[in-house]
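For the numbers below, each heavy atom of this structure counts, side chains included, while hydrogens, waters and symmetry mates do not. Keep in mind that this is a model prediction, so the values were computed, not measured.
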Amino acid sequence: MSIRYILGAQGGAPIAQVLASLRSQPAWRPFDERAVAFVRRFSQKLLTSAGIRQHPELAALGHWFRGANLQTLAGKYELDTPKQLKLGRGLAFHLAPSNVDSVFMYSWLLSLLAGNVNLVRVSQKGSAPQDFLVGALAQTLAEDVGAPVRERIVLLTYPHDDQLTRTISESCLIRVVWGGDATVRALRAIPLRPTATEICFPDRFSACAIRASAVLEADDAALAQLAMAFYNDAFWFAQQACSSPRLVAWVGDDASVDAAAERFWAALETELARRQPENSEAMNMARVAASFEYAAARLARPAVPGEFRNAHPMRLRMEAALDETAKTIHCGNGLFLETRLPRLTALAPQLSDKEQTLAVHGFPREELVELALALPARAVDRFAKFGEALSFAPIWDGQDLILSFSRNVLLPSN
(Lines give C-alpha, C1' and ligand atoms only; values in the text may rest on other atoms or scores of the structure.)
Protein backbone atom coordinates (compact mmCIF):
# COMPACT_ATOMS: atom_id res chain seq x y z
CA MET A 1 0.00 0.00 0.00
CA SER A 2 1.65 3.25 -1.18
CA ILE A 3 0.48 5.59 1.56
CA ARG A 4 2.19 8.93 2.05
CA TYR A 5 1.39 10.52 5.39
CA ILE A 6 1.38 14.29 5.19
CA LEU A 7 0.27 15.22 8.71
CA GLY A 8 -0.70 13.51 11.90
CA ALA A 9 0.91 10.04 11.75
CA GLN A 10 4.38 8.58 11.96
CA GLY A 11 5.84 7.90 8.53
CA GLY A 12 5.58 4.25 7.55
CA ALA A 13 3.03 3.38 10.24
CA PRO A 14 0.73 0.52 9.18
CA ILE A 15 -2.72 1.82 8.33
CA ALA A 16 -4.27 -0.61 10.81
CA GLN A 17 -2.22 0.98 13.60
CA VAL A 18 -3.20 4.50 12.48
CA LEU A 19 -6.87 3.58 12.34
CA ALA A 20 -6.75 1.90 15.75
CA SER A 21 -5.20 5.04 17.24
CA LEU A 22 -7.83 7.29 15.67
CA ARG A 23 -10.71 5.06 16.74
CA SER A 24 -9.44 5.08 20.32
CA GLN A 25 -10.04 8.83 20.55
CA PRO A 26 -13.33 9.77 22.21
CA ALA A 27 -15.89 11.93 20.47
CA TRP A 28 -16.05 15.50 21.72
CA ARG A 29 -19.05 17.72 22.13
CA PRO A 30 -19.60 20.14 19.24
CA PHE A 31 -17.62 23.34 19.66
CA ASP A 32 -15.41 21.85 22.34
CA GLU A 33 -13.09 24.63 23.49
CA ARG A 34 -10.03 22.64 22.39
CA ALA A 35 -11.31 22.33 18.81
CA VAL A 36 -12.43 25.95 18.71
CA ALA A 37 -9.04 27.16 19.98
CA PHE A 38 -7.21 25.13 17.33
CA VAL A 39 -9.40 26.27 14.44
CA ARG A 40 -9.24 29.90 15.58
CA ARG A 41 -5.44 29.74 15.75
CA PHE A 42 -5.23 28.01 12.35
CA SER A 43 -7.32 30.84 10.91
CA GLN A 44 -4.94 33.41 12.37
CA LYS A 45 -1.92 31.48 11.13
CA LEU A 46 -3.34 31.23 7.64
CA LEU A 47 -4.32 34.89 7.37
CA THR A 48 -0.95 36.14 8.64
CA SER A 49 1.18 33.79 6.52
CA ALA A 50 3.50 35.39 4.00
CA GLY A 51 2.09 34.94 0.51
CA ILE A 52 -1.58 34.64 1.52
CA ARG A 53 -2.46 37.37 -1.00
CA GLN A 54 -1.51 34.96 -3.77
CA HIS A 55 -4.26 32.59 -2.62
CA PRO A 56 -7.52 34.57 -2.20
CA GLU A 57 -9.55 31.37 -1.81
CA LEU A 58 -7.42 30.44 1.22
CA ALA A 59 -7.79 33.93 2.65
CA ALA A 60 -11.56 33.42 2.36
CA LEU A 61 -11.19 30.11 4.22
CA GLY A 62 -9.20 31.73 7.01
CA HIS A 63 -11.64 34.61 7.27
CA TRP A 64 -14.62 32.26 7.51
CA PHE A 65 -13.10 30.36 10.44
CA ARG A 66 -12.04 33.43 12.42
CA GLY A 67 -12.91 33.44 16.10
CA ALA A 68 -15.85 35.84 15.87
CA ASN A 69 -17.54 33.71 13.22
CA LEU A 70 -17.00 30.53 15.26
CA GLN A 71 -18.70 32.15 18.23
CA THR A 72 -21.65 33.21 16.07
CA LEU A 73 -21.85 29.74 14.51
CA ALA A 74 -21.85 27.95 17.86
CA GLY A 75 -24.67 30.17 19.05
CA LYS A 76 -26.97 28.89 16.30
CA TYR A 77 -27.10 25.36 17.73
CA GLU A 78 -28.81 24.00 20.82
CA LEU A 79 -25.97 21.73 21.89
CA ASP A 80 -27.34 20.27 25.13
CA THR A 81 -30.80 19.99 26.64
CA PRO A 82 -32.02 18.23 29.80
CA LYS A 83 -33.08 15.28 27.63
CA GLN A 84 -30.23 14.97 25.16
CA LEU A 85 -26.49 15.37 24.71
CA LYS A 86 -24.94 16.15 21.35
CA LEU A 87 -21.62 14.43 20.44
CA GLY A 88 -19.47 13.92 17.38
CA ARG A 89 -20.00 10.66 15.51
CA GLY A 90 -16.40 9.42 15.81
CA LEU A 91 -13.93 8.78 12.99
CA ALA A 92 -14.75 10.74 9.83
CA PHE A 93 -13.11 9.74 6.53
CA HIS A 94 -12.94 12.65 4.05
CA LEU A 95 -12.06 12.13 0.38
CA ALA A 96 -11.06 15.49 -1.06
CA PRO A 97 -11.54 16.60 -4.68
CA SER A 98 -8.58 17.25 -6.94
CA ASN A 99 -9.90 20.40 -8.62
CA VAL A 100 -10.66 22.75 -5.71
CA ASP A 101 -7.97 22.72 -3.03
CA SER A 102 -9.76 24.54 -0.23
CA VAL A 103 -13.33 23.28 -0.43
CA PHE A 104 -12.84 20.07 1.56
CA MET A 105 -11.20 22.06 4.36
CA TYR A 106 -14.56 23.54 5.28
CA SER A 107 -16.12 20.13 5.87
CA TRP A 108 -12.98 18.83 7.58
CA LEU A 109 -12.77 21.75 10.03
CA LEU A 110 -16.52 21.71 10.64
CA SER A 111 -16.24 17.97 11.33
CA LEU A 112 -13.53 18.72 13.90
CA LEU A 113 -15.74 21.41 15.43
CA ALA A 114 -18.64 18.95 15.50
CA GLY A 115 -16.54 16.68 17.73
CA ASN A 116 -15.08 14.17 15.29
CA VAL A 117 -11.71 12.55 14.72
CA ASN A 118 -10.70 12.99 11.06
CA LEU A 119 -8.71 11.14 8.41
CA VAL A 120 -8.43 13.01 5.10
CA ARG A 121 -7.23 11.67 1.76
CA VAL A 122 -6.12 14.41 -0.64
CA SER A 123 -5.24 14.11 -4.31
CA GLN A 124 -1.75 12.95 -5.23
CA LYS A 125 -1.49 15.79 -7.74
CA GLY A 126 -0.60 18.35 -5.13
CA SER A 127 -0.67 22.09 -5.73
CA ALA A 128 0.68 25.36 -4.38
CA PRO A 129 -2.53 26.08 -2.40
CA GLN A 130 -2.45 22.58 -0.89
CA ASP A 131 1.18 23.07 0.18
CA PHE A 132 0.26 26.43 1.67
CA LEU A 133 -2.56 24.85 3.70
CA VAL A 134 -0.38 22.00 4.91
CA GLY A 135 2.29 24.46 6.05
CA ALA A 136 -0.19 26.49 8.10
CA LEU A 137 -1.72 23.32 9.58
CA ALA A 138 1.68 21.89 10.51
CA GLN A 139 2.69 25.12 12.24
CA THR A 140 -0.57 25.23 14.19
CA LEU A 141 -0.31 21.59 15.24
CA ALA A 142 3.23 22.23 16.51
CA GLU A 143 2.02 24.91 18.92
CA ASP A 144 0.52 24.22 22.36
CA VAL A 145 -2.97 24.79 20.95
CA GLY A 146 -2.38 21.87 18.59
CA ALA A 147 -1.53 19.32 21.29
CA PRO A 148 -5.12 18.15 21.97
CA VAL A 149 -5.79 17.83 18.24
CA ARG A 150 -2.64 16.03 17.06
CA GLU A 151 -4.02 12.58 17.74
CA ARG A 152 -7.33 13.47 16.05
CA ILE A 153 -6.06 14.44 12.58
CA VAL A 154 -4.40 12.39 9.85
CA LEU A 155 -3.81 13.83 6.39
CA LEU A 156 -2.56 11.38 3.78
CA THR A 157 -2.57 10.51 0.11
CA TYR A 158 -2.39 7.29 -1.85
CA PRO A 159 -3.07 6.06 -5.41
CA HIS A 160 -6.57 4.84 -6.17
CA ASP A 161 -6.76 1.60 -4.21
CA ASP A 162 -10.17 0.09 -3.52
CA GLN A 163 -8.80 -2.29 -0.90
CA LEU A 164 -7.18 0.51 1.08
CA THR A 165 -10.29 2.64 0.79
CA ARG A 166 -12.32 -0.36 1.95
CA THR A 167 -10.04 -0.82 4.98
CA ILE A 168 -10.47 2.81 6.03
CA SER A 169 -14.20 2.77 5.26
CA GLU A 170 -14.70 -0.25 7.51
CA SER A 171 -13.27 1.74 10.41
CA CYS A 172 -14.98 5.09 9.94
CA LEU A 173 -18.37 6.11 11.27
CA ILE A 174 -18.96 8.82 8.69
CA ARG A 175 -17.59 9.06 5.14
CA VAL A 176 -17.53 12.42 3.35
CA VAL A 177 -17.04 12.22 -0.42
CA TRP A 178 -16.12 15.23 -2.56
CA GLY A 179 -15.89 14.24 -6.22
CA GLY A 180 -17.60 13.68 -9.51
CA ASP A 181 -20.57 11.39 -10.09
CA ALA A 182 -18.27 8.55 -11.14
CA THR A 183 -16.27 8.90 -7.92
CA VAL A 184 -19.43 8.86 -5.82
CA ARG A 185 -20.74 5.76 -7.59
CA ALA A 186 -17.42 3.94 -7.20
CA LEU A 187 -17.17 4.75 -3.51
CA ARG A 188 -20.77 3.82 -2.78
CA ALA A 189 -19.87 0.32 -3.99
CA ILE A 190 -17.37 0.13 -1.10
CA PRO A 191 -19.35 -0.75 2.03
CA LEU A 192 -19.35 1.11 5.32
CA ARG A 193 -19.86 -0.19 8.83
CA PRO A 194 -23.56 -0.85 9.44
CA THR A 195 -23.61 1.97 11.99
CA ALA A 196 -21.84 4.45 9.71
CA THR A 197 -23.34 7.20 7.59
CA GLU A 198 -22.22 8.97 4.42
CA ILE A 199 -22.43 12.44 2.92
CA CYS A 200 -21.64 12.90 -0.78
CA PHE A 201 -20.96 16.06 -2.77
CA PRO A 202 -21.12 14.90 -6.42
CA ASP A 203 -20.97 16.83 -9.69
CA ARG A 204 -23.21 19.88 -9.60
CA PHE A 205 -24.17 22.52 -12.15
CA SER A 206 -24.76 26.13 -11.15
CA ALA A 207 -26.20 29.13 -12.96
CA CYS A 208 -26.99 32.79 -12.59
CA ALA A 209 -30.01 34.87 -13.52
CA ILE A 210 -29.92 38.58 -14.34
CA ARG A 211 -32.83 40.95 -14.80
CA ALA A 212 -31.89 42.92 -17.93
CA SER A 213 -33.53 46.12 -16.71
CA ALA A 214 -31.37 46.09 -13.55
CA VAL A 215 -28.21 46.16 -15.69
CA LEU A 216 -29.57 48.97 -17.86
CA GLU A 217 -30.50 51.03 -14.82
CA ALA A 218 -27.09 50.64 -13.14
CA ASP A 219 -24.60 53.49 -13.34
CA ASP A 220 -21.02 52.79 -14.43
CA ALA A 221 -19.74 52.32 -10.87
CA ALA A 222 -22.50 49.83 -9.99
CA LEU A 223 -21.92 47.97 -13.24
CA ALA A 224 -18.20 47.69 -12.49
CA GLN A 225 -19.05 46.26 -9.06
CA LEU A 226 -21.40 43.75 -10.68
CA ALA A 227 -18.67 42.66 -13.11
CA MET A 228 -16.22 42.27 -10.22
CA ALA A 229 -18.73 40.17 -8.28
CA PHE A 230 -19.38 37.97 -11.31
CA TYR A 231 -15.65 37.52 -11.83
CA ASN A 232 -15.25 36.28 -8.25
CA ASP A 233 -18.09 33.80 -8.75
CA ALA A 234 -17.01 32.46 -12.13
CA PHE A 235 -13.26 32.76 -12.55
CA TRP A 236 -11.89 31.52 -9.24
CA PHE A 237 -11.03 27.82 -9.61
CA ALA A 238 -11.35 28.18 -13.42
CA GLN A 239 -15.14 27.75 -13.11
CA GLN A 240 -14.64 24.23 -11.69
CA ALA A 241 -16.28 24.78 -8.31
CA CYS A 242 -19.73 23.25 -7.90
CA SER A 243 -21.23 26.70 -7.29
CA SER A 244 -19.49 28.49 -10.20
CA PRO A 245 -22.12 29.80 -12.65
CA ARG A 246 -22.00 28.17 -16.09
CA LEU A 247 -25.37 29.29 -17.44
CA VAL A 248 -26.35 32.97 -17.65
CA ALA A 249 -30.13 33.36 -17.82
CA TRP A 250 -31.24 36.79 -18.99
CA VAL A 251 -34.76 37.83 -17.99
CA GLY A 252 -36.51 40.47 -20.06
CA ASP A 253 -37.60 41.27 -23.62
CA ASP A 254 -35.14 40.80 -26.50
CA ALA A 255 -34.31 44.48 -26.89
CA SER A 256 -33.56 44.90 -23.19
CA VAL A 257 -31.48 41.72 -23.09
CA ASP A 258 -29.48 42.76 -26.15
CA ALA A 259 -28.60 46.10 -24.59
CA ALA A 260 -27.97 44.70 -21.11
CA ALA A 261 -25.78 41.84 -22.35
CA GLU A 262 -23.64 44.19 -24.42
CA ARG A 263 -23.13 46.45 -21.42
CA PHE A 264 -22.50 43.62 -18.94
CA TRP A 265 -19.97 41.67 -21.02
CA ALA A 266 -18.09 44.89 -21.87
CA ALA A 267 -17.76 45.62 -18.15
CA LEU A 268 -16.53 42.07 -17.58
CA GLU A 269 -13.90 42.48 -20.31
CA THR A 270 -12.58 45.48 -18.38
CA GLU A 271 -12.47 43.40 -15.19
CA LEU A 272 -10.68 40.56 -16.97
CA ALA A 273 -8.07 42.96 -18.32
CA ARG A 274 -7.50 44.18 -14.77
CA ARG A 275 -7.38 40.77 -13.08
CA GLN A 276 -5.69 38.68 -15.79
CA PRO A 277 -7.09 35.21 -14.92
CA GLU A 278 -5.33 32.08 -16.13
CA ASN A 279 -6.17 31.23 -19.75
CA SER A 280 -3.89 28.45 -20.93
CA GLU A 281 -3.91 26.82 -24.36
CA ALA A 282 -5.37 23.69 -22.75
CA MET A 283 -8.25 25.74 -21.31
CA ASN A 284 -8.88 27.33 -24.69
CA MET A 285 -8.90 23.95 -26.42
CA ALA A 286 -11.35 22.62 -23.82
CA ARG A 287 -13.72 25.52 -24.57
CA VAL A 288 -13.44 25.00 -28.33
CA ALA A 289 -14.00 21.25 -28.06
CA ALA A 290 -17.06 21.77 -25.86
CA SER A 291 -18.46 24.36 -28.28
CA PHE A 292 -18.17 21.84 -31.13
CA GLU A 293 -20.08 19.30 -29.03
CA TYR A 294 -22.81 21.82 -28.35
CA ALA A 295 -23.05 22.65 -32.05
CA ALA A 296 -23.13 18.97 -33.07
CA ALA A 297 -25.94 18.34 -30.60
CA ARG A 298 -27.75 21.48 -31.81
CA LEU A 299 -27.86 22.81 -28.30
CA ALA A 300 -25.98 26.09 -28.62
CA ARG A 301 -24.16 28.35 -31.06
CA PRO A 302 -21.65 31.20 -30.65
CA ALA A 303 -23.31 34.24 -29.13
CA VAL A 304 -20.81 36.52 -30.87
CA PRO A 305 -20.01 35.31 -34.39
CA GLY A 306 -16.41 35.96 -35.41
CA GLU A 307 -15.09 35.76 -31.83
CA PHE A 308 -15.23 32.04 -31.60
CA ARG A 309 -11.99 30.10 -31.34
CA ASN A 310 -9.93 32.28 -29.00
CA ALA A 311 -12.68 34.05 -27.10
CA HIS A 312 -12.26 34.30 -23.33
CA PRO A 313 -14.84 34.28 -22.00
CA MET A 314 -16.53 32.16 -24.66
CA ARG A 315 -20.26 32.74 -24.90
CA LEU A 316 -22.68 30.26 -26.46
CA ARG A 317 -26.35 31.05 -26.95
CA MET A 318 -28.68 28.19 -26.11
CA GLU A 319 -30.86 26.99 -28.99
CA ALA A 320 -32.69 24.42 -26.90
CA ALA A 321 -33.70 24.01 -23.29
CA LEU A 322 -30.95 23.29 -20.79
CA ASP A 323 -30.88 19.51 -20.29
CA GLU A 324 -28.58 16.87 -18.82
CA THR A 325 -26.56 16.62 -22.03
CA ALA A 326 -25.86 20.35 -22.01
CA LYS A 327 -24.78 20.21 -18.38
CA THR A 328 -22.49 17.22 -19.00
CA ILE A 329 -20.72 18.78 -21.99
CA HIS A 330 -19.79 21.94 -20.11
CA CYS A 331 -16.06 22.14 -19.33
CA GLY A 332 -15.80 25.31 -17.25
CA ASN A 333 -12.64 27.30 -18.08
CA GLY A 334 -14.50 30.50 -18.98
CA LEU A 335 -17.32 29.02 -21.08
CA PHE A 336 -20.79 30.50 -20.58
CA LEU A 337 -24.13 29.34 -21.93
CA GLU A 338 -26.68 32.12 -22.35
CA THR A 339 -30.44 31.82 -22.50
CA ARG A 340 -33.29 34.34 -22.59
CA LEU A 341 -36.47 34.12 -20.56
CA PRO A 342 -39.57 36.31 -20.40
CA ARG A 343 -39.83 35.77 -16.62
CA LEU A 344 -37.73 34.11 -13.92
CA THR A 345 -40.09 31.18 -13.31
CA ALA A 346 -39.56 30.07 -16.93
CA LEU A 347 -36.16 28.79 -15.77
CA ALA A 348 -37.72 26.22 -13.40
CA PRO A 349 -38.46 23.42 -15.96
CA GLN A 350 -34.81 23.46 -17.12
CA LEU A 351 -33.40 22.78 -13.65
CA SER A 352 -33.04 19.47 -11.82
CA ASP A 353 -31.43 17.89 -8.78
CA LYS A 354 -28.05 18.55 -10.43
CA GLU A 355 -28.30 22.29 -9.79
CA GLN A 356 -26.72 23.63 -6.62
CA THR A 357 -26.47 27.44 -6.68
CA LEU A 358 -28.38 30.10 -8.56
CA ALA A 359 -26.71 33.51 -8.30
CA VAL A 360 -29.26 36.26 -8.89
CA HIS A 361 -29.24 39.98 -9.63
CA GLY A 362 -32.16 42.36 -9.83
CA PHE A 363 -34.98 40.18 -8.44
CA PRO A 364 -37.07 40.85 -5.31
CA ARG A 365 -37.49 38.09 -2.74
CA GLU A 366 -41.06 37.38 -3.88
CA GLU A 367 -39.86 36.35 -7.34
CA LEU A 368 -37.18 34.09 -5.86
CA VAL A 369 -39.79 32.40 -3.67
CA GLU A 370 -42.07 32.02 -6.69
CA LEU A 371 -39.24 30.33 -8.58
CA ALA A 372 -38.37 28.09 -5.63
CA LEU A 373 -41.98 26.88 -5.41
CA ALA A 374 -41.98 26.09 -9.14
CA LEU A 375 -38.75 24.06 -9.09
CA PRO A 376 -38.61 20.28 -9.49
CA ALA A 377 -37.85 18.35 -6.31
CA ARG A 378 -34.29 18.86 -5.00
CA ALA A 379 -33.44 21.47 -7.66
CA VAL A 380 -31.30 24.43 -6.44
CA ASP A 381 -30.01 24.26 -2.89
CA ARG A 382 -29.23 27.93 -2.54
CA PHE A 383 -29.85 31.36 -4.02
CA ALA A 384 -26.94 33.78 -3.71
CA LYS A 385 -26.18 37.37 -4.54
CA PHE A 386 -23.62 38.01 -7.26
CA GLY A 387 -20.19 37.77 -5.62
CA GLU A 388 -21.36 35.25 -3.02
CA ALA A 389 -21.78 32.10 -5.12
CA LEU A 390 -18.54 30.65 -3.77
CA SER A 391 -19.13 31.84 -0.20
CA PHE A 392 -19.33 28.87 2.14
CA ALA A 393 -22.11 28.27 4.65
CA PRO A 394 -22.53 25.44 7.19
CA ILE A 395 -25.65 24.45 5.26
CA TRP A 396 -24.17 23.07 2.02
CA ASP A 397 -26.00 21.16 -0.70
CA GLY A 398 -29.08 21.45 1.49
CA GLN A 399 -27.47 19.74 4.52
CA ASP A 400 -26.58 21.30 7.87
CA LEU A 401 -23.06 19.94 8.25
CA ILE A 402 -22.76 20.44 12.01
CA LEU A 403 -25.95 18.43 12.53
CA SER A 404 -24.94 15.80 9.95
CA PHE A 405 -21.51 15.39 11.54
CA SER A 406 -22.90 14.91 15.06
CA ARG A 407 -25.42 12.68 16.82
CA ASN A 408 -27.87 13.01 19.71
CA VAL A 409 -27.58 10.88 22.84
CA LEU A 410 -30.86 10.73 24.72
CA LEU A 411 -30.82 11.14 28.50
CA PRO A 412 -33.48 9.99 30.98
CA SER A 413 -36.03 12.50 32.17
CA ASN A 414 -35.70 13.61 35.79
Side-chain angles (χ1 to χ4, degrees), residues 205-236 238-239 243-279 283-284 287 290-291 294 299-319 322 326 330 332-347 350 357-368 371 383-391:
F205 187 96
S206 292
C208 68
I210 310 174
R211 185 187 295 281
S213 60
V215 173
L216 296 177
E217 293 164 3
D219 60 24
D220 289 345
L223 186 62
Q225 287 294 318
L226 184 65
M228 181 187 301
F230 182 79
Y231 178 97
N232 292 339
D233 287 345
F235 288 87
W236 280 13
Q239 213 181 5
S243 53
S244 301
R246 297 183 171 201
L247 171 77
V248 179
W250 291 98
V251 177
D253 59 72
D254 281 343
S256 296
V257 169
D258 284 340
E262 181 177 357
R263 196 165 183 239
F264 174 79
W265 292 112
L268 183 64
E269 289 288 351
T270 301
E271 185 67 12
L272 290 170
R274 184 177 74 87
R275 303 278 285 272
Q276 293 292 310
E278 180 184 4
N279 181 30
M283 295 169 69
N284 184 54
R287 292 194 297 270
S291 69
Y294 281 117
L299 291 171
R301 58 179 171 80
V304 184
E307 296 183 9
F308 182 48
R309 289 186 178 274
N310 297 309
H312 185 238
M314 181 179 285
R315 297 163 51 199
L316 301 180
R317 183 166 175 177
M318 297 294 296
E319 296 187 298
L322 182 72
H330 205 292
N333 296 311
L335 175 66
F336 296 95
L337 303 175
E338 290 186 88
T339 190
R340 299 177 175 212
L341 306 169
R343 60 191 180 282
L344 185 60
T345 51
L347 183 60
Q350 302 186 56
T357 298
L358 181 67
V360 292
H361 177 72
F363 303 98
R365 184 180 186 278
E366 307 85 73
E367 287 191 50
L368 301 183
L371 173 60
F383 294 86
K385 296 178 181 178
F386 269 46
E388 297 181 3
L390 299 185
S391 297

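Using bins of under 30°, 30° to 60° and over 60° for the plane-to-plane angle, the ring pair F336/F235 lands in the tilted bin.
When all heavy atoms of S206 and S243 are compared, the closest pair comes out as OG-CA, 3.3 Å. Pairing each heavy atom of L268 with each of P313, the nearest pair is CD2-CG, 4.2 Å. Heavy-atom minimum distance, A214 versus G362: CB-CA, 3.9 Å. Residue A209 comes nearest to L344 through the heavy atom pair CB-CD1, 3.8 Å, listed as atom of the first residue, atom of the second, then distance. When every heavy atom of A260 is checked against every heavy atom of A212, the shortest pair comes out as CB-O, 3.5 Å.
Between D233 and K385, none of the side-chain N atoms (NZ, or NE/NH1/NH2) sits under 4.0 Å from a carboxylate O, so this pair counts as no salt bridge.
The CD atom of E269 sits 14.0 Å away from the CZ atom of R274 when rounded to the nearest 0.5 Å. Between the NE2 atom of H312 and the CG atom of N333 there is a distance of 7.5 Å, given to the nearest 0.5 Å. For the atom pair CD (Q350) and CG (L341), the distance works out to 6.0 Å, reported to the nearest 0.5 Å. Considering SG of C208 and CZ of F383, their distance stands at 13.0 Å, rounded to 0.5 Å. The structure places CD of E388 at 11.5 Å from OG1 of T357, a figure rounded to the nearest 0.5 Å. A distance of 10.5 Å separates CZ of R287 from CG of L316, quoted to the nearest 0.5 Å.
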Steps toward side-chain contact (heavy atoms from CB on, under 4.5 Å) verdict (N232, L390): CA-CA 8 Å; N232 292 339; L390 299 185; over 6 Å; no

Output, in order, the C-alpha distance, side-chain angles, deciding distance and verdict of side-chain contact (heavy atoms from CB on, under 4.5 Å) for L247 and M318. CA-CA 9 Å; L247 171 77; M318 297 294 296; 4.3 Å; yes

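Inter-residue side-chain proximity for D258 and R340 is flagged as met; some heavy-atom pair is nearer than 4.5 Å. Side-chain contact between L337 and R246: absent, with no pair of heavy atoms (C-beta onward) separated by less than 4.5 Å. Counting heavy atoms from C-beta on, the side chains of L272 and N279 never come closer than 4.5 Å.
Although no hydrogens or angles enter the test, the distance criterion places no donor-acceptor pair under 3.5 Å between the side chain of R315 and the main chain of W265. The backbone N or O of S244 sits nowhere less than 3.5 Å from a side-chain atom of Q239 that would complete a donor-acceptor pair. Panel note: side chain Y294, backbone R317; no donor-acceptor pair is recorded below 3.5 Å.
Around CD of E319, the count of heavy atoms belonging to other residues, nucleotides or ligands within 6.0 Å exceeds 12.
Each of L371, L368, I210 was evaluated against F363; a single residue qualifies, L368, per the side chain to side chain contact (heavy atoms under 4.5 Å, CB included) test.
Two rings, from F264 and F230, have their centers less than 6.0 Å apart.
With sequence neighbours left out, the ring pair (Phe, Tyr, Trp, His ring centres under 6.0 Å) criterion links W236 to no other residue.
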